[in-house]
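Just below is one structure, and these are the notes that go with it.
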Amino acid sequence: MADIRRFVVSGVGDVDAILATLVDGVGMRVVTDDEFERTWLDTEDRRLDVDGTVLEHRRPTSSDRAASLRWVADGRLLASDDCVTVAPPVSSTDLPNQPGFARLAERLGSASLVAGPVSMTRAVVLALLDDDDKTTVRIVVDRSSVAEAPPTTTLEIVELRGFADEASTLTSTVCRLVPLEPSGDTVLERARRAVATTSTTSTSAVGSTSGIGAIHLDAGVRAGAAWRIVLRSLTDTLVAQLDPAIAGDPHALHRMRVAVRRIRTVLTDADGVLDDRSRRMFRKDFQWIGDITTPTRDADVHLERIPVLIAGLAGERRASLRPFIDVLEIERTRRHIAMVAALRSERMAGIRSEWSAFLDDDAAWNDRRGGVDSTRRATRVVAGHIAAAHRRLERDGRRITKKSKPELLHDLRKRAKHLRYLLECFASLFDAADIETIVQPLRQLQNVLGDFQDSEVEAAELRDLSRSVPAADLDEGAVEDILSTIERRGADARKRFADAFGEFDRRPIRRAVDRLATTKGSTR
Amino acid sequence: MKVLATYNIKGGVGKTATAVNLAHVAATQGERVLVWDLDPQGAATFYFRIKPKVKGGGKALVKGSLELGDAIKATDYDNLDLVPADFSYRHLDLWLDDAKKPLARIRRALSQIADDYDYVFLDCAPSISLTSESVFRAADALLVPTIPTTLSQRTYEQLDRFIDDNPDMVREVKVLGFFSMVDRHRRLQRRFISDMRAAHPEMLEASIPLSSDIERMGLDRQPIGAYGKGGRAARAYEALWAEVRSKL
């Protein structure tokens, strides 16, 4: 619908001066002139980025205006509305109640929204009008400051369909009057780079993920110390989420489980850093913690997704699913009770105590016996593990064909998670741009694999649970409708696998992995 | 892509207001929408402030020498574009008559942009002609605004009979009639609506009130959702759109 020409304003980038030129010199009209704090939002696995869409929360600096949410794709507005709350939404249930956002809710599923870069922005929209007061070209002047980076002023000329000549003429005129340099970057891409280059502790350009705090490791840190710092940080996250998860907060449970998976990944690759016995023992313990929380998490996901799944059904059909939803809620309660009992058990208390003691034991992290050498430079050790994980992922991904069994994709997902957790937990040892180069397509791949596996699991479990509904109360047709929607999502994800893996299995990513091995501190 | 045609043999019943306002509602909900103003009067084009001109005229579109995509103009509203009217459309019937497979011409033109839009609204001239038959062939649904009067009921039933009598021509088009310009204070209208619903239970539940807000469209040259959001008439169009969508 709209073609956009992007420029960066050279020099000071004084917005008022630019506006004066465009209004007085070119004859444009100011349509809106707003100042706001803008937060970009996405899921942890950046599924909106994968889709090529952008979600922004805008909180005006003037208190008499409501915060708003905008969902955009390639300059096309997909949905826009005022927000009920001042703070950015965290999940699909926080989205404005309008059809445009219903599509976003479906895309998010049960995934939480995490805050990405934040900018302080002044954005001015101007219109070039014809003699009927019809807009023929739009210009957006945006002055944003992100993190500690100096503010940047950008100018976008939006060509409207059918008015190409007007856009070309205006572009020539504006380029003569305003000092501009062409730029291929969107404001978001620029903001991400600003965050990545001004922060030495960020683990990802879209901000912290699932509650993981930024973990800072010095370049020369030894492996034992690095592993200890990372595992302490992950443990802190886990502990912080424990009570809220026990109290029934599904987001806290999710963050806790991600911390557990990361701990297991980091322990797996502590081979040669920690003694094998401790490594295996604690990996088993954290496996157990993951297992006791899985049923509740699955039930949370079912209940979070149900409103989205049934949104497309007619009113009577939705109402007929009430008995089924009741069964899901009862099952969730039952699982939660079982999970809480396990989390409050002596076994859990024992794990926490032993693990805490292990983290505090200096000797365990400075070991040089029996094949263990925790005094090697962490950068070298981590780079080696990342390279190995990357090779395995590439190798296994290339073996997958259209006829491959689902289990191979499920296994590949585990490999992708493993690599990603390594990259994120130890990111501060390496160049942020290299990490981002690898993580971005990896996230897309994970997203596709996640959609595929989650759809299978979800459909199977919901089908199973529907059998608990008394036959007289069960609307089989409505349940089948929901299951069909889930299965279509899974089939769609399966189709997207080849492209997503293709984006990952490329030379720039391999080069970035290779560069990690040559990072300062990665060689003795 | 779904194609909806606002159609009635009678003029002045709210066809253009329906096309423009429903298209705007759909666009604000993130749908990609195109309005094709097929009426040489060019009212929809006027509302969107676009010049009523198509390069090569309607003939070029019908003959295929101009791709429909090249005639499209963006309106001032996100996700909403227009194929403008052109005064030459008064000759559409003649060109269609000249062409091979005349009834398929509009559908064929629309197929060129099928991937670009979710909904297309065809704003038709009030007539029964080769052009309207070509529209029936192209459309998934006919939106038939009906003023609650005896004569309107007559023309509605005429259309219904025509559709029934010509299954090959109209294929599977849905006829979605709804009441337009409803004055709820007039007892005679209320009674008429009740009687017509009894005779035609397929009439949509949503109706559009008689409202000066809607008449203001001609002054403001905007869809009602752009200046009257939250008002009774704007809400009526939103409700109508929700019901139309559910039928498609």
Side-chain angles (χ1 to χ4, degrees), chain A residues 1-4 29 31-32 51 53 55 69-82 95-107 125-138 140 158-167 311-318, chain B residues 24-36 42 45-55 66-84 113 115-119 205 219-222 225-226 229-230 235 238-239 241-248:
Chain A
M1 299 228 168
D3 217 5
I4 301 176
R29 183 186 296 180
V31 177
T32 57
D51 295 343
T53 69
L55 182 63
L69 205 58
R70 285 167 55 89
W71 187 35
V72 177
D74 295 326
R76 185 168 84 81
L77 187 65
L78 300 175
S80 167
D81 209 341
D82 289 344
L95 296 175
N97 181 19
Q98 65 119 293
F101 283 112
R103 276 191 288 278
L104 174 59
E106 191 172 336
R107 186 68 189 104
V125 178
L126 300 103
L128 185 69
L129 305 174
D130 68 8
D131 49 16
D132 270 328
D133 274 355
K134 165 78 182 76
T135 300
T136 56
V137 191
R138 234 176 249 136
V140 180
V158 183
E159 175 191 317
L160 302 182
R161 189 166 187 174
F163 297 97
D165 291 343
E166 290 84 347
L313 301 178
E316 310 87 51
R317 270 254 138 119
R318 280 203 300 274
Chain B
H24 181 256
V25 170
T28 60
Q29 292 173 3
E31 309 286 4
R32 299 166 302 165
V33 185
L34 177 70
V35 176
W36 189 353
T45 306
F46 175 77
Y47 285 146
F48 286 124
R49 298 176 183 268
I50 289 175
K51 309 244 181 284
K53 182 85 189 110
V54 170
K55 194 173 172 183
L66 176 71
E67 294 246 329
L68 189 65
D70 292 335
I72 292 174
K73 300 277 190 191
T75 68
D76 284 1
Y77 310 99
D78 288 299
N79 305 319
L80 182 49
D81 291 346
L82 175 79
V83 177
I113 45 95
D115 291 337
D116 296 347
Y117 296 96
D118 301 309
Y119 294 97
E205 286 298 318
L219 285 172
D220 285 18
R221 296 179 75 183
Q222 295 181 78
K229 191 177 157 95
R235 284 185 282 113
E238 286 167 15
W241 175 239
E243 192 175 357
V244 166
R245 257 189 90 166
S246 71
K247 301 284 185 191
L248 294 174

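Proteins come first, then strands; the chains are lettered A, B, ... in the order of their sequence lines, and each starts at number 1.
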Taking side-chain contact (heavy atoms from CB on, under 4.5 Å) as the test, write out the residues that go with A71(B), two or more places apart.
-> V54(B), L61(B), L66(B), V83(B)
Main-chain N/O of G30(B) paired to R76(A) side chain as donor or acceptor, under 3.5 Å = yes
Decide yes or no for D132(A) and R221(B): does some side-chain heavy atom of the first lie under 4.5 Å from some side-chain heavy atom of the second?
-> yes
Has the side chain of R103(A) got a donor or acceptor atom that lies under 3.5 Å from a matching backbone atom of Q29(B)?
-> yes
Would you please name every residue forming a salt bridge (Lys or Arg N to Asp or Glu O under 4.0 Å) with D165(A), sequence neighbours left out?
-> none
Row check, F48(B) ring normal vs K134(A) NZ/CZ: under 6.0 Å, within 45° = no
At a heavy-atom separation under 4.5 Å, does D130(A) approach chain B through its side chain, its backbone, both, or neither?
-> side chain
With a cut-off of 6.0 Å (strictly less than), are more than 12 heavy atoms of other residues, nucleotides or ligands near CG of D131(A)?
-> yes
Do R138(A) and D76(B) meet the salt-bridge criterion of a basic N to acidic O distance under 4.0 Å?
-> no
Of the listed D81(A), T136(A), L78(A), L77(A), the one with the largest count of heavy-atom pairs under 4.5 Å with chain B is L77(A)
